[in-house]
Amino acid sequence: MTATSSAPNIGVIQRSSYSIPASIISYSKATGIGSSLQMLDNSESSLSSYRGMQSSDSEYSDSESGIHLAQTRQHDGKVRLNALLCLQALSRAAPKQLQPHWPKFLTSSSSAPMTAGTYKAPSLIGLIGSDPIYNVRSAACVVLGNILENSKQYLAMAEENTSLSGAKIQTGLLALSERVGLMMRELHVSFALSMDKVDSSVDQVIVAQMIRCCSLIVANCSYEKMRPGLPLLVYRSIEKFLDSNGKYNLSCEDGAAPELLSRLLGFVGGPQVPAVVSIEAWGVLRAIAQYHFSAITGLWPRLDAALGSARDSEDPRVRSAGLMFLDEYSKAGAVATKPLTSEWWKDAMERHILKAFTEENTSIKALGCDCISNLSSDAFSGLPSRLEMSIMSLVLGTALDEHPSARAAACRAIGVFILFPSLREDSTHAVDLASTVLGLCQDPNLNVRVRASWAVGNLYHEKLKSNGIRAIGGLLRVTFEGILERERHSLVKDAVYALIKHMEQGSLKGRWNACYAMQNVLLNPHFPIGSTAGTSYALDSDMVSWTRDVYSALLQAIQQSKNFKVRINACAALAVPKTRAKYGDQAMVRKMIQVLMAAVQNLDEEQVEHAYGEFQYRGQFESKLLRCLDHLLQITGGVAGLGLELDPVLRQRIVASRPESSSNTSIAPHASQESESSM
């Protein structure tokens with residue numbers, strides 16, 4: 001709007017000739033909007049002679065008025081296109097800074113609603129659904145897609161409060177999460193309405209762009225805190241575009257599967273389906289296998305046939321899409337309630353997976369290794385020996401492939417195989433696997449070295465873990481008091497609970513080392529455990545936080561472990577503290593003595609439960625158990641104060657277990673009687 005010195009001309013719109021700068025055109029070519037701008041520019045050559053107007057529209061004749069309106073519409077369309085181009089540049093240059101301003105461009109209920117008849121600024125959704133210029137609608141789709149890309153973190157805060165009142169919405173008193181939630185709901189509703197309006201027979205390009213926007217909306221939105229129904233709303237709006245009108249050879253067996261699955265199976269199995277449609281359909285099936293495995297597992301015969309069709313396709317992209325689905329299907333099936341059987345794996349290997357290794361395409365070989373990596377130990381052991389050998393040979397051969405992606409995938413499969421007991425027990429296979437991955441640790445490709453290092457870690461998994469556990473115990477034994485106090489809520493706490501975890505679960509070797517490490521920890525006189533009275537820890541609580549967990553883990557090992565060596569180390573650790581305060585409260589001490597007395601009494605009954613090789617450690621465990629019980633009884637003042645009774649036979653066994661120096665007959669009788677009476 002320009003004002004001139006002439007009074008009659010004040011406030012009259014001044015329009016001048018308009019052409020797109022060359023710099024903007026060159027930039028827009030790379031953004032997706034450029035084609036729309038150029039098409040619009042070329043279509044209005046008359047704009048080059050567009051003259052300035054200083055009078056009202058009423059001075060035009062009917063024919064001139066029509067030309068004028070058309071030119072005005074074209075000019076305004078260019079303005080909107082350039083505005084969209086600017087918005088796209090902002091969304092790419094500073095996406096996070098633009099996010100708080102989304103309500104200005106997307107339909108949003110987060111502000112007070114407009115009253116009837118008032119002006120409402122247009123939105124991207126409005127342009128997509130109703131702009132009269134085709135190119136503007138197309139450009140709006142592109143911009144909306146750019147804005148939605150990589151917005152998952154921002155949209156994760158979306159929350160929909162079921163008790164949200166209309167008054168609260170109208171006044172705008174909403175939390176940020178509620179604003180984003182309302183914007184997200186209206187985005188779904190508005191876009192679904194726009195999809196219902198579009199005519200797919202005319203606006204095919206717009207339809208494709210709108211469906212892409214739908215996929216970006218669903219991929220980036222988080223539905224955990226939203227009311228149900230939004231994804232279904234989007235699905236219903238695009239469902240009509242799946243209608244193939246019988247073109248893609250949907251089976252007469254469609255009644256055996258839900259409608260969506262039937263259509264997808266028709267898309268991946270039909271001989272006349274375009275490659276791009278088949279690839280996308282495999283992608284949807286892959287997602288269903290990942291998140292809804294139970295819904296798809298009953299359709300395996302038809303999926304098996306479709307995989308055969310994909311395998312025979314001349315397009316390598318289709319073959320890759322089929323194997324990617326099989327990778328996800330086998331991965332989900334390995335951890336399902338009813339895991340995939342050895343028979344299923346045998347059939348899948350022979351029909352689909354092993355044939356991938358005959359391909360020249362590197363990515364397909366890598367996908368074959370990925371599928372093999374989903375094999376479980378039990379499924380592998382159930383395969384015929386010839387098939388096991390074929391799998392091993394192909395994977396080891398792929399590890400020497402000239403392409404790094406294939407070598408990396410083979411390293412992953414080898415890392416899985418290394419954990420199979422049947423292969424670890426076979427020295428020949430173990431040597432082959434180890435030598436292959438050790439050599440690949442020096443590979444020039446970083447991804448290959450990472451995968452090979454992971455496989456080597458699996459090769460030495462138990463040994464590395466056991467050494468790490470013992471190292472933790474050794475470090476805590478020599479840690480100074482100041483460091484223990486400073487790190488008690490972080491490093492020291494993490495280290496203690498790592499030992500507790502491995503005392504309670506894992507291999508026997510790991511549990512043995514964890515008990516041994518805990519013994520080392522308790523040998524540090526400054527290690528905080530038990531009562532906090534008189535220490536700086538008293539500010540936290542009456543007892544150090546991990547006291548119960550440490551002693552409960554040791555008692556569990558003594559009481560439940562089937563291995564005498566684990567129980568011996570647990571007794572040795574329990575007998576380390578030299579003061580009553582280190583053992584915690586009265587309830588904890590009472591539990592310790594009860595468990596130890598029961599363990600002594602049950603020892604004779606456990607003989608039949610242990611292997612012959614364990615018998616040599618039984619006597620050592622009994623001695624450790626009795627001496628640990630003796631130590632606790634003496635340090636706590638006996639069982640009388642705990643409300644317990646000590647069996648006379650057990651009392652004699654405890655006394656007999658003492659070293660000769662403490663039970664020597666040269667010791668005064670009253671001393672012996674005093675020590676016995678203290679129990």
Side-chain angles (χ1 to χ4, degrees), residues 138 141 195-196 198-216 218-219 234-290 292-293 295-330 347-348 350-356 358-365 367-368 371:
S138 176
C141 286
M195 293 290 290
D196 290 339
V198 71
D199 185 356
S200 60
S201 62
V202 178
D203 302 329
Q204 293 184 1
V205 175
I206 295 291
V207 168
Q209 290 176 326
M210 292 179 74
I211 291 175
R212 178 180 177 272
C213 288
C214 282
S215 68
L216 287 169
V218 175
V234 175
Y235 170 71
R236 292 300 182 197
S237 68
I238 64 173
E239 184 183 19
K240 62 180 180 180
F241 302 113
L242 289 173
D243 187 11
S244 59
N245 297 321
K247 181 179 178 181
Y248 297 147
N249 190 29
L250 296 177
S251 172
C252 55
E253 301 175 1
D254 289 341
E259 185 179 5
L260 174 61
L261 288 175
S262 294
R263 288 177 170 178
L264 293 172
L265 287 167
F267 294 151
V268 298
Q272 300 176 356
V273 180
V276 65
V277 176
S278 180
I279 291 167
E280 294 301 328
W282 278 121
V284 179
L285 287 169
R286 187 169 71 250
I288 294 173
Q290 181 180 0
H292 309 282
F293 181 74
I296 203 173
T297 183
L299 300 175
W300 173 249
R302 296 176 65 185
L303 290 168
D304 184 34
L307 284 169
S309 300
R311 184 190 65 236
D312 298 333
S313 172
E314 296 180 357
D315 193 326
R317 298 174 301 164
V318 176
R319 300 199 297 272
S320 295
L323 280 174
M324 288 171 69
F325 164 76
L326 186 57
D327 175 34
E328 199 61 57
Y329 185 92
S330 58
D347 184 63
E350 293 175 341
R351 282 179 52 79
H352 309 296
I353 299 175
L354 297 186
K355 292 182 179 180
T358 63
E359 291 267 2
E360 295 182 1
N361 189 301
T362 304
S363 62
I364 294 180
K365 286 184 181 178
L367 285 169
C371 292

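On a predicted model such as this, the values are computed, not experimentally measured, just so you know.
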Problem set entry | Residue pair R302 / L265: nearest heavy atoms and the distance that separates them | CZ-CD1, 3.6 Å
Exercise. Just how far is it from atom CD of E280 to atom CZ of R286, taken to the nearest 0.5 Å?
Worked result: 9.0 Å
Exercise. Side chains of R317 and S320: does their closest heavy-atom pair fall under 4.5 Å?
Worked result: no
Seminar exercise, completed: Note: I364 and P316 closest approach over all heavy atoms is CD1-O, 4.1 Å
Exercise. Can you tell me how far CG of L307 sits from CZ of R319, rounded to the nearest 0.5 angstrom?
Worked result: 13.5 Å
Exercise. Angle class for the F325/W282 ring planes (parallel below 30°, perpendicular above 60°, tilted otherwise)?
Worked result: tilted
Problem set entry | Nearest non-hydrogen partners of L323 and A356, listed with the distance | CD1-CB, 3.7 Å
Problem set entry | Under 3.5 Å donor-acceptor, R311 side chain and R351 backbone | yes
Problem set entry | Side-chain heavy-atom pair Y235, L260 within 4.5 angstrom cut-off | yes
Exercise. Tell me, do Q209 and S138 make a side-chain contact under 4.5 Å, heavy atoms counted?
Worked result: yes
Problem set entry | Pairwise distance CG(L354) to CD(E350) - rounded to 0.5 angstrom | 7.5 Å
For this session: Indicate the atoms forming the closest heavy-atom contact of A275 with D315, along with that distance.
Result: CB-OD2, 3.4 Å
Problem set entry | For the student: nearest non-hydrogen atoms of E359 and K365, plus distance | O-CE, 2.8 Å
Exercise. Hey, does L285 have a side-chain heavy atom less than 4.5 Å from the side chain of L261?
Worked result: yes
Exercise. How far apart are the C-alpha atoms of M195 and I211, what are their side-chain angles, what is the distance that settles it, and do they pass the side chain to side chain contact (heavy atoms under 4.5 Å, CB included) test?
Worked result: CA-CA 8 Å; M195 293 290 290; I211 291 175; 3.9 Å; yes
Exercise. Got a second to check how far Q290's CD is from I288's CD1, nearest 0.5 Å?
Worked result: 11.5 Å
Exercise. For I353 and G368, which heavy atoms make the closest approach, and how far apart are they?
Worked result: CG2-O, 3.7 Å
Exercise. Do E239 and R263 have side chains that get closer than 4.5 Å, going by heavy atoms?
Worked result: yes
For this session: State, with a plain yes or no, whether a side-chain heavy atom of Y329 is found less than 4.5 Å away from one of I296.
Result: yes
Problem set entry | Side-chain heavy atoms of M210 within contact of I238, under 4.5 Å | no
